[in-house]
Amino acid sequence: MLFNSYIFIFIFLPIALIGWYGLNRLGRYKLASLFLSAMSLWFYAYFNVRYLAIILCSIGLNYLLSFVLARLQTQCPPTVLNGDESDSTGIRTVGGFRKKIARRAGLLAGLVLNLGILFYFKYYDFFIENINLSFHTDFNLKHILLPLGISFFTFQQMSFIIDRALGRCGHYDFINYLTFVTFFPQLIAGPIVLHSEIIPQFEDPEKRRFDSASFARGIYLFVLGLSKKVLLADTFGLMANFGFAQTFSLDAVSTVFVILAYSFELYFDFSGYSDMAIGLGRMFHVELPLNFDSPYRSCSIKEFWQRWHITLSRFFITYVYIPLGGSRKGRARMLINTFIVFLLSGLWHGAAWTYVAWGAMQGLLVMFDSLGIVGIRGRKEKRPSRFHIPAPLGWVFTFTLFNLSLFFFRSSSMLAAGQLFKNLLSVNWNGKLFEIAAQLDISEIYVLKQALELAAPTAVSYLYLFVMLALFVLAFYLIFHKNAYERATHNELTSGRCWGICILFIWCVISLSQVSTFLYFNF
């Protein structure tokens, strides 16, 4: 089920809200959680009912592992010995040694379980294809249908199991754990939430009461996110999809506009989804973490990754970068760890060498940034830099380099990505830009287009070009002003803003006839 669909907005969401607050008002807290979990599973199964078995098996196995860890920990009596392990009092015990073994076994089992599920459904065919190519074998591919959201709910559960195995958290009630994993706002495309952020909220009776302020701001943020997706991302997508289908016939100018169109489509699509997810969470009086913080304002690549897909970066820093040694073992080791994290991030996005190349490019850029050779003038930095450049120039470099990396991210093959780089170096003009602009045959300009076709038919192509340029100007304006989260959190909900939100909502609802899925559903 899509957030940007009639069935979600007018049927699913009202039922979920009424059931959740109604049962909580009656004091039936467990039943309310079960109801919310059931609604979330319906939301997930709506795409493909076969996905339901996969997510339920994943939840069941992870919870069973957590239960086994809890039992092993309670069955380790503190018997004093002269070994190497000690409990919290400093007394060396057999129990402490057994707990350490149990934790390590649980950690290994959790990693094998979750990474095994992710590998089978997402990477098996990619692995076999490369084995066949490298060793001239002929192993059969399974052509497995990728379950929606598997990368998100697998990482979410893996973080829980790692924390359980390392003794950072206890064993939760199954109903709360089920609600934590399946909570529908973040189930399909994040944010990647931690158990410590969500489960305590479900355990808090105060969070189960209707809060008008939270609900109002949730609606405000949801509509702003919906507008990003329906009115901006999908419109930019018309140009991006056409352009990437014409990769080998683009000139330099059209290549620039195509990659900019995809860049804005990707940002408004994914940040719009995150805004809607956070807004929905607030409607249920649940706070979800911020996932985007105006990344296109960034003046360095490191700053960019502190603002883009924040919860994924947090996961890799916490569960990969720091365990590898982080920055504690010297600069060389820190740079290697950084590169590994970005390679894994690229592979997380998809089973293709284009994603690996994208991750490698981002890793190299962040490594260079970490060396501190170039700094941003006026910014306080931990490490002194040899050269300093103005912030606007830093923004130009950062925005340009990220967009160049999207050649890999969006292309269907390395050959196609290479062709896009070749297009940038070409000096020919073939008029492809007018064909790209013509994709903006949107309903909002229908009357004006019809008038021009009667009065000056040759001017219609220039109308499309004007609309395209206006759309890019609007996009740049939005990225340098308050983002949706800042507006929904800090702005006073005046009558003017409420009327504006109502107009945006009606505009989006009218545009829902052209429903499209979110880009990150593919990851």
Side-chain angles (χ1 to χ4, degrees), residues 62 65 69 99-119 122-123 126-127 130 150-169 190-197 289 291 295 300-353 355-373 381-383 405 408-409 523:
N62 276 283
L65 180 56
L69 282 169
K99 284 183 180 180
K100 186 173 182 178
I101 296 297
R103 286 175 178 175
R104 288 182 176 178
L107 177 61
L108 179 61
L111 292 175
V112 170
L113 168 64
N114 288 287
L115 293 178
I117 292 173
L118 192 60
F119 173 83
K122 191 168 184 176
Y123 302 105
F126 176 66
F127 178 76
N130 284 279
I150 190 170
S151 298
F152 289 91
F153 68 72
T154 299
F155 268 33
Q156 191 171 326
Q157 294 191 93
M158 191 156 61
S159 68
F160 166 71
I161 285 298
I162 292 172
D163 287 350
R164 282 286 295 120
L166 297 178
R168 297 171 182 166
C169 68
I192 301 174
V193 298
L194 303 177
H195 58 89
S196 57
E197 293 172 324
N291 209 25
S300 69
I301 293 294
K302 286 185 71 175
E303 181 187 359
F304 179 90
W305 283 106
Q306 292 167 356
R307 292 171 173 264
W308 178 284
H309 206 343
I310 296 169
T311 57
L312 179 66
S313 298
R314 178 181 66 178
F315 178 92
F316 277 115
I317 290 171
T318 304
Y319 299 106
V320 178
Y321 180 76
I322 292 176
L324 286 175
S327 58
R328 302 187 305 274
K329 298 185 178 181
R331 182 184 291 190
R333 182 67 175 271
M334 179 267 290
L335 295 175
I336 293 172
N337 294 340
T338 298
F339 190 71
I340 290 172
V341 163
F342 278 96
L343 274 183
L344 293 176
S345 176
L347 197 57
W348 178 88
H349 281 87
W353 287 111
Y355 291 114
V356 176
W358 172 81
M361 181 174 176
Q362 292 298 318
L364 291 172
L365 291 172
V366 173
M367 288 169 64
F368 176 79
D369 204 357
S370 299
L371 292 174
I373 298 174
E381 299 169 354
K382 295 180 180 179
R383 192 186 304 276
S405 75
F408 296 111
F409 195 85
F523 308 137

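Index from 1, following the sequence.
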- Does the gap between the ring centers of Phe315 and Tyr319 come in under 6.0 Å? yes
- Note on the structure: Residues at least two apart in sequence or cross-chain that pass side chain to side chain contact (heavy atoms under 4.5 Å, CB included) with Ser345, listed by chain then number, are Leu312, Phe316, His349, Trp358
- Task: Quick one: closest heavy-atom pair of Arg333 and Leu324, and the distance?
- Result: NH2-O, 2.8 Å
- Query: Run the ring pair (Phe, Tyr, Trp, His ring centres under 6.0 Å) check on Phe152 and Trp348 step by step: do they pass?
  - Reply: CA-CA 10 Å; Phe152 289 91; Trp348 178 88; 5.2 Å; yes
- Query: Is there a donor-acceptor contact under 3.5 Å from the side chain of Ser159 to the main chain of Gln156?
  - Reply: yes
- Rounded to the nearest 0.5 Å, what separation is found between the CG atom of Leu365 and the CZ atom of Phe339? 10.5 Å
- Query: Is it true that a side-chain atom of Arg168 and a backbone atom of Ile162 form a donor plus acceptor pair closer than 3.5 Å?
  - Reply: no
- Query: Of the non-hydrogen atoms in Arg307 and Pro295, which two are nearest, and what is the gap between them?
  - Reply: CB-CA, 3.6 Å
- Note on the structure: For residues 311-321, the salt bridge (Lys or Arg N to Asp or Glu O under 4.0 Å) pairs (sequence neighbours left out) are Glu197-Arg314
- Can you run down the salt bridge (Lys or Arg N to Asp or Glu O under 4.0 Å) pairs that involve residues 334-347, sequence neighbours left out, and say none if there aren't any? none
- Query: Is the centre of the Phe409 ring less than 6.0 Å from the centre of the Tyr355 ring?
  - Reply: yes
- Item | Heavy-atom pair with the smallest gap, counting every atom of Phe408 and Ala357 | CD2-CB, 3.8 Å
- Pairs touching residues 358-370 that satisfy salt bridge (Lys or Arg N to Asp or Glu O under 4.0 Å), sequence neighbours left out: none
- Message: Please find the pair of heavy atoms, one from Leu343 and one from Ala360, that lie closest to each other, and give the distance.
- Response: CD2-CB, 3.9 Å
- Taking the six-membered ring for Trp, are Trp305 and Trp308 parallel (under 30°), tilted (30 to 60°) or perpendicular (over 60°)? perpendicular
- Item | Heavy-atom pair of closest approach, residues Gly106 and Ala165 | C-CB, 4.0 Å
- Checking Arg328 side chain against Ile322 main chain: does a donor-acceptor pair fall under 3.5 Å? yes
- Task: Could you list the residues that satisfy side chain to side chain donor-acceptor pair (under 3.5 Å) with Thr311, not counting sequence neighbours?
- Result: Asn291
- Task: State which residues pass side chain to side chain contact (heavy atoms under 4.5 Å, CB included) with Leu113; sequence neighbours excluded, sorted by chain then number.
- Result: Leu61, Asn62, Ile117
- Please report the shortest heavy-atom distance between Cys169 and Arg164, naming the atom on each side. O-NH1, 3.1 Å
